[in-house]
Structures are given as structure tokens and as C-alpha cells.
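A note on names: the letters A, B, ... follow the listed sequences, proteins ahead of strands, and every chain is numbered from 1. Because only heavy atoms are used, hydrogens play no part in the values below, and waters and symmetry mates are left out as well, while side chains stay in.
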Amino acid sequence: MITLRYIQENPGEVIEKLAKKQFDAREIVGSIVELTEAKNQTQVQADKARAEMNALSRDIGQLMRTGKKQEAEEARQRTAELKEQIRELEQQFAGLEVSIRELQVLLPNLPHVTVPYGKTPEENEVIRSGGVKPLLGAGTLPHWDLAARYRLIDFELGVKLTGAGFPVYRGKGAQLQRALINFFLDQARRNGYEEIQPPLMVNEASGFGTGQLPDKEGQMYHVTADNFYMIPTAEVPVTNIYRDVILEAGDLPVKNCAYSACFRREAGSYGKDVRGLNRLHQFDKVEIVQITHPDHSYGVLEEMVNYVESLVQKLELPYRIIRLCGGDMGFTSALTYDFEVWSAAQEKWLEVSSVSNFESFQANRLKLRYRGEAGKKPELAHTLNGSALALPRIVAALLENNQTPDGIKIPEALIPWCGFDRIP
RNA sequence: GGAGAGAUGGCAGAGUGGUCGAUUGCGGCGGUCUUGAAAACCGUUGUCCCUUUGCGGGGACCGGGGGUUCGAAUCCCUCUCUCUCCGCCA
């Protein structure tokens, strides 16, 4: 959420920057500015009336104590009108606040200056790429066939137990999952991230804090009996650790990582995009989260991108890093880099990570602040996060790219975590 | 699931209608003393909003919401959460 003060002081800039996100903010910003002006005027009046009322009440107390009943009674009669006036002003004020808030939450985050113009994914900017696409011979199989042949993942069994999109991993398939999770967590720890094991369900307040609620409600599984939500990413519980928190400047940057299962309803997706591991309702992911001083968040974003790059390099997967254009960016992000790996049999790029700087957009909702110097006012911190990494598409690419007549080769770096070097 | 207790400032813990944003202790910060440190002593110590060029001024907040009252941390209603005991249980 963009702060009211910022909108109020820079309405033109907000409109201009949001145009890059293909968002016409003119009407909303205009209304916000107008309503805020009215709200402030109302507050001045209400505060004045309350000040008067407070003084009067104190006087009455004083008069009562000194036994001047008569005068106290006179003063009391004067309060009736004031009281009514305060009631009205407070109602007005509350109404204006609600209206402003409703508009305020409609505004996406402002894009960073380096965000490219563009409307569709085609206009995203490839920053760099690495690795070598494997040359596979005839008889190349997509990962869902490989998963069946080597008895790694059973999609139909998942349908029996739960439904489509809930695969069952077994044997070496299950071991590979566990190895990847441990590999990612261990790498993160070596890079200074503290490991967190978060709850997999969160309450409404947490859903709001990171921006899933109220509007993206349909994305999450809702446990209605207790009004909990299954997390769509560990970002939600991990970032919400810092909801309503004031950090000391010395605590920054906070670096957390977490493995979690992630649950997404993905309502309305079908077709070949959802085949195999390409899109699931439950999947595993290791997430990295950082909370930084506003002056350092873009340096940290680069650091996080470099870190994720090191992971796909260790896994020897052909990859490319993409800077999302304004039209393709998420609602809450100021700058996002996506990572895609090449899936050799499907012959397409699969998104496996998204690394974003949210600047103070999430922090404002979360009331996440830091204190620069003792005695100074706390200010909003910056939050960043990224997948490091999401497992299913990594597994898809690993299986497809590394298939040989003798089985599936495990990348060198992963063998210590796997305990085997080949799936025969 | 049954029964009970509670929610106050970073923490602990007072406060049951009138200068209470809140006694006190601990912690934190500053100072005196000391070669330095500890101890002791003194001072200071929340968040948010509005207003003002500035100094400053005003308002809100004692789990959330509503009510009674001239006046609520204190009384009433309601919701949420936490804890304890019993039952069940990985």
C-alpha cells in the first residue's frame, strides 16, 4: 500500500508511474487527494471540539470536588450540544477514512525506474542467460512419462487421494524432493539466511498483511471451520513474523529462509499448461525473505538474484533471468526478476523463481518499521523475497534434461544431498 | 469437548468513575562518580494522526467493536485471543 502522505504530496508522480503498470490512476488519486483534504479538515474540527469537551469535563470534576454543585450543573448543560457535534464529526471522519482506504488499496505499487515499458510477457526483458540446452536424441520423453517409467511420481494416485494437482512422490522421486529441499535450505543457511519453519495455515490478519486478502481470496484454500487459510507461499507466514514490529537499525538486514508446502487453488487453469508438474495445487518451495533499510534494498535485490542464479547454475540447468515489464508485474512489486529454466522435452521455458523488491508497499500494510537512531521516529522498512527455489518445475527440467538411455543423471552438486548419482 | 481465569507501555506488574498516557520494578538511553568497569545516585525513556515556516499546539490509543456518563483503563454488552485444570490424542 502506498502511504497516504506520499499520494497526497506527489499525486502527479503516482499517476505517471502507475501508467507504466498499465494502470490508469487519475480518478482514484484525484479522489484520494480530495477526500484526504476533507478528512483532515474534519479532524481539525473534531479535535477542537474534543479539546473543548475535555476542558469542560475537567472543570466539572473540579467544581464537583470543591462542592460548587450549582456551577457544575450549569457547565454540564453546555456539554450536550458539543457532544452531538463531536458525534457527527467522528462519524464523518470515520466515513471518509473508509472511503479513502477503499481507494488506497486499489493502487498497485509504483514500479522502479528500471522497469521496462510493456503490456505483455512478450515485452519482458531478458537480462542474461546461462547454461547449455542439452541436445536430446530421439525418444525423448516429457517428465510425466519419465516420472511414470522410473516410478518417481504418481499423478493418478494423487487424484484418488485428493484430486488433480496433488501428486504422490515415491521412491527415488520422494528422495529427490527431500534432497532438493535440504540442498536449498543448506545453501541458504551458508548465505546467511536464518531458517524458519512456519505454520502452513495463517489467519486473516496475516493474509491481509502480505496482500493476499482481501482481493486474492480465491487463490487460497480456506479452512472455513476455523477461518484459516492454507499458505500459497512461505512468504506469508515468514513476512508476517514482522507485522507490527519496530526493528532496530542494527537488526537489518533480516535474512530468513523457509521450506514449506504451498497450496494454490489455481482456479480456472487447465490444458497443457497444467500437465505433469507444470502447475500444481500443492508443491514444495524454499523461500528467501529479506527486510532491509530503504537505502539498501536494490543492492540486496541484486544480491538475491545472484544467489538464485548460483542455485540454477549448481543444478546445471539452462536458465534465463528476466526483468518483468510494467504490464506483467505483480500488484505489490516495485521490481521483479523471474528465473526460467529450459525444459528440454517440452521445449519451453518454465518459471521457477520470482525475486521482487516490494520497497515499503508491504511494510506499510504490515506496519513493519525500523528505528534509524535512538529517539528518532521509526520509518517503514523495505521487504524483498524470492523463491530459492520452487521444486516442481526444477524437477521437471532435471528429469527431462538429464535423461539418458541408462537412466536419469543427478547433477554433481546435488549428489551429496541425494545419496545417489543416477535414477536407473 | 467440559470447567475456570485473564488480556494494561520492551518485559514484569499496580490501578475499579475525575489532571491516568497511566504508580512501581526491571530493561534501554544520557549523566555524576571511577584509570576503566561494576555498584550507587540523578535524569530520561511508547505509538499514531492533525495543525504550525518554526518554536509549539491539539487529538487518539490500557486486546477489538459497541454502550452508559459531563467524564471510562476502571461500569455494562459483544467479539477475539491467551492461560490453567479435566477429557481425548501425534
### Task
Using a cut-off of strictly less than 4.0 Å, decide whether A:Lys48 has a side-chain nitrogen or oxygen near OP1 or OP2 of B:rC50.
no
### Message
Using a strict threshold of under 4.0 Å (side-chain N to carboxylate O), is an ion pair present between A:Glu74 and A:Arg78?
### Response
no
### Message
When you measure from the centre of the six-membered ring of A:Phe208, is the NZ or CZ of A:Arg365 closer than 6.0 Å and no more than 45° off the axis?
### Response
yes
### Message
Taking B:rG9 as the reference, what is the distance to B:rU44 when you measure between their C1' atoms (whole Å, please)?
### Response
15 Å
### Query
With a non-hydrogen cut-off below 4.0 angstrom, is A:Asn54 in contact with a base, only sugar-phosphate, or nothing?
sugar-phosphate
### Sugar-phosphate only, base, or nothing, as touched by A:Thr79 at under 4.0 Å among non-hydrogen atoms
sugar-phosphate
### Query
Does atom CZ of A:Arg151 have more than 12 heavy-atom neighbours, drawn from other residues, nucleotides or ligands, at distances under 6.0 Å?
no
### Query
For A:Arg243 and B:rU47, what is the distance between atoms CZ and C1' respectively, to the nearest whole Å?
17 Å
### Task
Round to the nearest Å and state the distance from A:Glu204 atom CD to B:rC81 atom P.
11 Å
### Interatomic distance, A:Arg78 CZ vs B:rG71 C1' [rounded to whole Å]
15 Å
### Message
For a quick test of reading the model, state the closest non-hydrogen atom pair linking A:Phe184 to A:Leu311 and the distance between them.
### Response
CD2-CD1, 4.0 Å
### Message
Would A:Lys285 pass as a cation-pi partner of A:Tyr259, given that its NZ or CZ must be under 6.0 Å from the six-membered ring centre and within 45 degrees of the axis?
### Response
no
### Query
Looking across every strand, which nucleic acid part, if any, lies under 4.0 Å from A:Leu56 by heavy atom: base, sugar-phosphate, or nothing?
nothing
### Query
On a whole-Å scale, what distance lies between the P atoms belonging to B:rG31 and B:rA37?
11 Å
### Message
I want to check one thing: is the phosphate of B:rC70, taken as OP1 and OP2, less than 4.0 Å away from some side-chain N or O of A:Arg50?
### Response
no
### Task
For A:Glu90 and B:rC50, give me the distance from atom CD to atom C1', rounded to whole Å.
14 Å
### Message
Work out how far the C1' atom of B:rU8 is from that of B:rU47, and round it to whole angstrom.
### Response
15 Å
### Query
Quick one: A:Glu248 CD to B:rU45 P, roughly how many Å, whole number?
17 Å
### Task
Give the intermediate values and the outcome of ring-ring contact (aromatic ring centres under 6.0 Å, His included) for residues A:His112 and A:Tyr298.
CA-CA 10 Å; A:His112 189 247; A:Tyr298 280 95; 4.0 Å; yes
#### Entry: By side chain to side chain contact (heavy atoms under 4.5 Å, CB included) - contacts of A:Asp59 (at least two apart)
none
### Query
Of the nucleotides B:rG18, B:rC48, B:rG71, which one has an atom closest to the side chain of A:Ile60?
B:rG18
#### Entry: Separation of the P atoms in B:rC20 and B:rA73, to the nearest angstrom
12 Å
### Summary
Of A:Arg58 and A:Val44, the one whose nearest nucleotide on RNA chain B sits closer to the 5' end is A:Arg58
### Summary
Stems field, RNA chain B, Watson-Crick or wobble, 3.5 Å, at least 3 pairs, by first number, holds B:1-7 with B:80-86, B:10-12 with B:24-26, B:27-32 with B:40-45, B:46-51 with B:56-61, B:63-67 with B:75-79
### Message
With a 4.0 Å limit, can you tell me whether A:Asn40 has a side-chain N or O closer than that to the phosphate oxygens OP1/OP2 of B:rU51?
### Response
yes
### Query
Less than 4.0 Å between a side-chain N and a carboxylate O, is that true for A:Glu195 and A:Arg189?
no
### Query
Are A:His293 and A:Tyr370 close enough that their ring centers fall under 6.0 Å?
yes
### Query
Taking the C1' atom of each, how far is B:rG6 from B:rA14, in whole Å?
16 Å
### Task
Check whether the side chain of A:Asp47 and the base of B:rG58 form a donor-acceptor pair under 3.5 Å.
yes
### Message
Testing the basics here: between A:Thr210 and A:Gln362, what is the closest heavy-atom pair and its distance to 0.1 Å?
### Response
O-NE2, 3.7 Å
### Separation of the P atoms in B:rA39 and B:rC26, to the nearest angstrom
11 Å
### Message
What's the gap between B:rC62 and B:rA22 when it is taken at their P atoms, as a whole Å value?
### Response
13 Å
### Residue whose closest nucleotide on RNA chain B lies nearer the 5' end, A:Thr36 versus A:Glu52
A:Thr36
#### Entry: Euclidean distance, atom CD of residue A:Gln77 to atom P of B:rU69 [Å, nearest integer]
15 Å
### Message
Work out how far the C1' atom of B:rG71 is from that of B:rU19, and round it to whole angstrom.
### Response
12 Å
### Side chain of A:Lys83 (C-beta onward), nearest among B:rU47, B:rC50, B:rC70
B:rC70
## Note on the structure
Rounded to whole Å, the NZ-C1' distance (A:Lys367 to B:rC49) equals 12 Å
### Query
Given atom CD of A:Gln43 and atom C1' of B:rU52, what is their separation to the nearest angstrom?
14 Å
### Cation-aromatic face contact A:Lys172/A:Tyr150, 6.0 Å, 45 degrees
no
### Query
If only atom types and distance count, is the side chain of A:Glu340 paired as donor or acceptor with the main-chain N or O of A:Leu350 below 3.5 Å?
no
### Message
I need the residues from residues 224-231 of chain A with at least one non-hydrogen atom less than 4.0 Å from RNA chain B; give them sorted by number, or say none.
### Response
none
### Message
Taking only side-chain N and O atoms of A:Arg76, does any of them lie within less than 4.0 angstrom of OP1 or OP2 on B:rG71?
### Response
no
